[in-house]
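The structure under discussion appears below in the form of structure tokens.
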Amino acid sequence: MNIIPILDLKGGSCIYTCAQESEEQIIKENPLEVVAKWIDDKIERIHIIDIDALKSREPENVSAVRALKKAFPNLIVEISGAVL
């Protein structure tokens, strides 16, 4: 079985959102640190949700995604969040 972790990005930071609360918590400022840990755990694919794009309907965290792809070129990245 392949596990595909989800990385929620808002304002370039990783966040954790809880469906039962309106608050979100920043768990790591740097998404590269989170993904590096997953790479160490042998993750080959991630799913990114661009939380900002859900409101604006435009890609908002492009620079963070580009930095991830540059740092981890073999990582397969899926993106959602109103990104066309």
Side-chain angles (χ1 to χ4, degrees):
M1 170 180 18
N2 285 334
I3 296 174
I4 303 172
I6 296 173
L7 184 71
D8 290 343
L9 291 178
K10 183 174 183 181
S13 296
C14 300
I15 64 167
Y16 169 76
T17 55
C18 180
Q20 298 167 344
E21 298 178 18
S22 61
E23 299 284 322
E24 64 234 356
Q25 297 176 333
I26 296 176
I27 56 167
K28 284 279 188 187
E29 287 294 322
N30 186 347
L32 294 172
E33 293 176 16
V34 174
V35 175
K37 167 74 172 91
W38 291 340
I39 295 291
D40 289 344
D41 292 336
K42 307 296 186 230
I43 293 296
E44 299 174 356
R45 174 188 308 255
I46 64 170
H47 184 87
I48 295 174
I49 299 176
D50 186 340
I51 301 297
D52 298 308
L54 293 171
K55 293 179 183 174
S56 70
R57 298 288 186 217
E58 296 290 332
E60 298 289 339
N61 287 286
V62 175
S63 60
V65 174
R66 284 186 178 145
L68 286 168
K69 283 303 292 175
K70 183 176 182 181
F72 309 105
N74 295 325
L75 183 66
I76 299 167
V77 177
E78 305 168 346
I79 303 173
S80 66
V83 179
L84 303 174

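None of these values were measured; they are calculated from a predicted model. We're numbering straight along the sequence, starting at 1.
- Hydrophobic clustering, with ILVMFWY side chains joined whenever heavy atoms are under 4.5 angstrom apart, groups Leu54 together with Ile6.
- Looking at Leu68 and Leu32, their side chains come closer than 4.5 Å, going by heavy atoms from C-beta outward.
- Among residue pairs with one or both ends in residues 62-74, none qualify as side-chain hydrogen bond (donor to acceptor under 3.5 Å, both in side chains); sequence neighbours excluded.
- Taking all atoms of both residues into account, the shortest heavy-atom contact from Cys14 to Pro31 is SG-CA, 3.3 Å.
- By the side-chain contact (heavy atoms from CB on, under 4.5 Å) test, Ile39 pairs with Val35, Phe72, Leu75, sequence neighbours left out.
- Take Lys37 and apply the side-chain hydrogen bond (donor to acceptor under 3.5 Å, both in side chains) test, not counting sequence neighbours, and it matches Asp41.
- Scored by the side-chain contact (heavy atoms from CB on, under 4.5 Å) test, Val65 finds Leu9, Ile48, Ile79 as partners (sequence neighbours excluded).
- From Ser13, atom OG reaches atom CG of Asp8 across 12.0 Å, with rounding to the nearest 0.5 Å.
- The salt bridge (charged side-chain N to carboxylate O under 4.0 Å, His left out) search around Glu44 returns none, not counting sequence neighbours.
- Without hydrogens or angle criteria, Asn61 side chain to Asp50 main chain gives no donor-acceptor distance under 3.5 Å.
- Minimum interatomic distance between Ala64 and Gly12 (heavy atoms only, all atoms of both residues): CB-CA, 4.4 Å.
- In terms of heavy atoms, Ile4 sits closest to Arg45 at CD1-CD, 3.3 Å.
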